[in-house]
Number of protein chains: 2
Amino acid sequence: MTDAQDIAVPPATPADPLPGFKPLYRQVRERLVRQLIDGVWKPGEALPSEQQLAVTLGVSPGTVRKALDDLTAENLLVRRQGRGTFVAEHDHDRVLFQYFMLTNDNGTRSLPESTLVSLEKIRANAQERNRLALAARASVWHIERVRTVDGHAIIRERIILSADRFPGLGDRIDIPNNVYQLYAVTFGVSVARAEERLKAVAATPEDAKCLATTSGTPLLEIDRTAYALDESPVEWRLSRCLTEDYHYLSDLR
Amino acid sequence: MTDAQDIAVPPATPADPLPGFKPLYRQVRERLVRQLIDGVWKPGEALPSEQQLAVTLGVSPGTVRKALDDLTAENLLVRRQGRGTFVAEHDHDRVLFQYFMLTNDNGTRSLPESTLVSLEKIRANAQERNRLALAARASVWHIERVRTVDGHAIIRERIILSADRFPGLGDRIDIPNNVYQLYAVTFGVSVARAEERLKAVAATPEDAKCLATTSGTPLLEIDRTAYALDESPVEWRLSRCLTEDYHYLSDLR
DNA sequence: CAGTGGTCTAGACCACCAC
DNA sequence: TGGTGGTCTAGACCACTGA
């Protein structure tokens, strides 16, 4: 067969409207992402084999492979030789290594425990609407937590979520430590990536109380926006961290 | 031809000593990296074409391509369609986007100007020897600079380098703003990647003087170790940044 | 126009895993 | 043992660049 520059459209899917010519493996990638968004395969489940996907999509195995390689590099899929290709889960390790960069100065990494301070639903202010791309009179959840390692409070965090996107979240008695798994399993929202903006700030009196330190102590403020598979903002999280015995690790490459 | 599980060793290069079986494209990658280290192709220069490399190395074009793809993903090479594959340079854009994460809160990015404060050669202390993997009585350069944007001092930085690896550096009248280009062009040392550890600290009186602020002001401390192509530590850099109008941008994905 | 990287295909065999 | 991903090969054609 020679170049078939577009995927033969199988069942019912709105074909890309003359996209200015994307490579085939790009189109395959986007088809797969859309199916991930639609929940065709859930986190932890296996995709069809490369061979099957190639047949289904009417594309050569090499092209499917390239698309899967890309998605794996983006941490959306996990490949296990001899077993298959799986939808990435927000398990302990992924959250620890991909979404938690605070490291003990002695080099060890661990996820702090969380203690819920408050959980309320309020009308979103302008900044919150902007960060989460919400409509004019939308509401949001405010989750306040203190996070501890070995009984030492090191992080004070506030999480802000669209109340529409996470209905009934406030009725939950327990907010698990790993909220990204909660988002995925209970609300069908998978966090695909995040951006963090870091500043050094002075502890407010309230910070000082939560973190057992003194007002004015320098804290590392982490301002995170997390995005879903469709690039919509899912979560706005503001953390303030004591960095006397910890540091934020960033790899430049 | 069927699988040739090892590269045919052309001229004179010590063949890998039974590596426990690395994939061919890995071996190709390592051969290429070694040639980069040896300066066979200098930053900005073009490598031979994929076709030529394949013939030279006695490997199929697809295998060469995979190795080049990996090196490109690591920012060691740059590919330009229709032109060739080039050794990555530490030009303004690379330094700005790969090695300078401080961003104005309004979203603009730019490299601050540098003002040299002091440059001296001293005996390395234990911590410096440890960070730079130096021998017992080695010496180091200390470069102190203040960095400004629009006349505002926002960063105070100290750079520590092995005096042996950068001979005669102290005789230079000018230390350019872009030191990584200096390392590469003048000393043949290419920085390949770096790790940064971030903390919030209180400004010392000296910090306060350099940055036109008050003692105790929260500063973002960036502790960077930069590594060469052979993974040896090249530079230890300690920066203290005013983050009232700036933030450190970190992508989680 | 010739030369380069970029895409796509097709098929072989290897390494690993579960049964 | 059969199925999966991982590697390697071979060759066609496309897209881009510069002379």
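A note on names: the letters A, B, ... follow the listed sequences, proteins ahead of strands, and every chain is numbered from 1.
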Short side-chain N/O contact from Y25(B) to OP1 or OP2 of dT7(D), under 4.0 Å: yes

If only side-chain N and O atoms of K66(A) are considered, is one of them under 4.0 Å from the OP1 or OP2 phosphate oxygen of dC8(C)? no

Looking at the side chain of S60(A), which of dA15(D), dT9(C), dA18(C) is the nearest nucleotide? dT9(C)

Parallel, tilted or perpendicular: which one describes the rings of Y99(B) and Y180(B), with boundaries at 30° and 60°? perpendicular

Is atom CZ of R253(A) surrounded by more than 12 heavy atoms (other residues, nucleotides or ligands) closer than 6.0 Å? no

I'd like to know if R193(A) pairs up with E231(A) as an ion pair, taking the criterion as any Lys NZ or Arg NE/NH1/NH2 lying under 4.0 Å from an Asp or Glu carboxylate oxygen. yes

Distance check: side-chain N/O of T85(B) vs OP1/OP2 of dG5(C), anything under 4.0 Å? yes

Minimum-distance nucleotide (side-chain atoms of S49(B) versus dG18(D), dG6(D), dT4(C)): dT4(C)

What nucleic acid atoms does R65(B) come within less than 4.0 Å of, heavy atoms only: base, sugar-phosphate, or nothing? base

L77(A) CG - dG5(D) P separation (whole Å): 11 Å

Just by distance, with hydrogens left out, do H92(A) and N178(A) show a side-chain donor and acceptor under 3.5 Å apart? no

Would you say T63(A) places a side-chain N or O within less than 4.0 Å of OP1 or OP2 belonging to dT7(C)? no

Between N106(B) and T108(B), a side-chain donor and acceptor under 3.5 Å: yes

What is the distance from CZ of R79(A) to P of dG5(D), rounded to the nearest Å? 7 Å

Give the ring-plane orientation class for F187(A) versus F166(A), where under 30° counts as parallel, over 60° as perpendicular and anything between as tilted. perpendicular

DNA chain C contacts among residues 36-44 of chain B, heavy-atom distance under 4.0 Å: none

Grab the CD-C1' distance between E50(B) and dA15(D) for me, whole Å please. 14 Å

At under 4.0 Å, does any side-chain N or O of R83(A) touch on OP1 or OP2 of dA18(C)? yes

Checking contacts here: which listed nucleotide (dT9(C), dT9(D), dT4(C)) is nearest the side-chain heavy atoms of Q52(B)? dT4(C)

In whole angstrom, give the distance that lies between atom CG of L53(B) and atom P of dG3(C). 17 Å

Check this for me: R131(B), atom CZ, are more than 12 non-hydrogen atoms of other residues, nucleotides or ligands nearer than 6.0 Å? yes

Rounded distance (Å) that lies between atom P of dA10(D) and atom CG of L24(B): 12 Å

CZ of R29(B) versus C1' of dG6(D): gap in Å, rounded? 18 Å

Closest to the P23(A) side chain: dG6(C), dT7(C), dG6(D)? dT7(C)

Does any nucleotide pair with dA15(D) by Watson-Crick or G-U wobble geometry, both distances under 3.5 Å, and what is it? dT4(C)

Rounded to whole Å, please give me the gap between NZ in K22(B) and C1' in dC8(D). 18 Å

In whole angstroms, the gap separating P of dA2(C) from CD of Q51(B) amounts to 17 Å

Apply side chain to side chain donor-acceptor pair (under 3.5 Å) to the pair D230(A) and S232(A), showing each step before the final yes or no. CA-CA 6 Å; D230(A) 62 1; S232(A) 65; 2.7 Å; yes

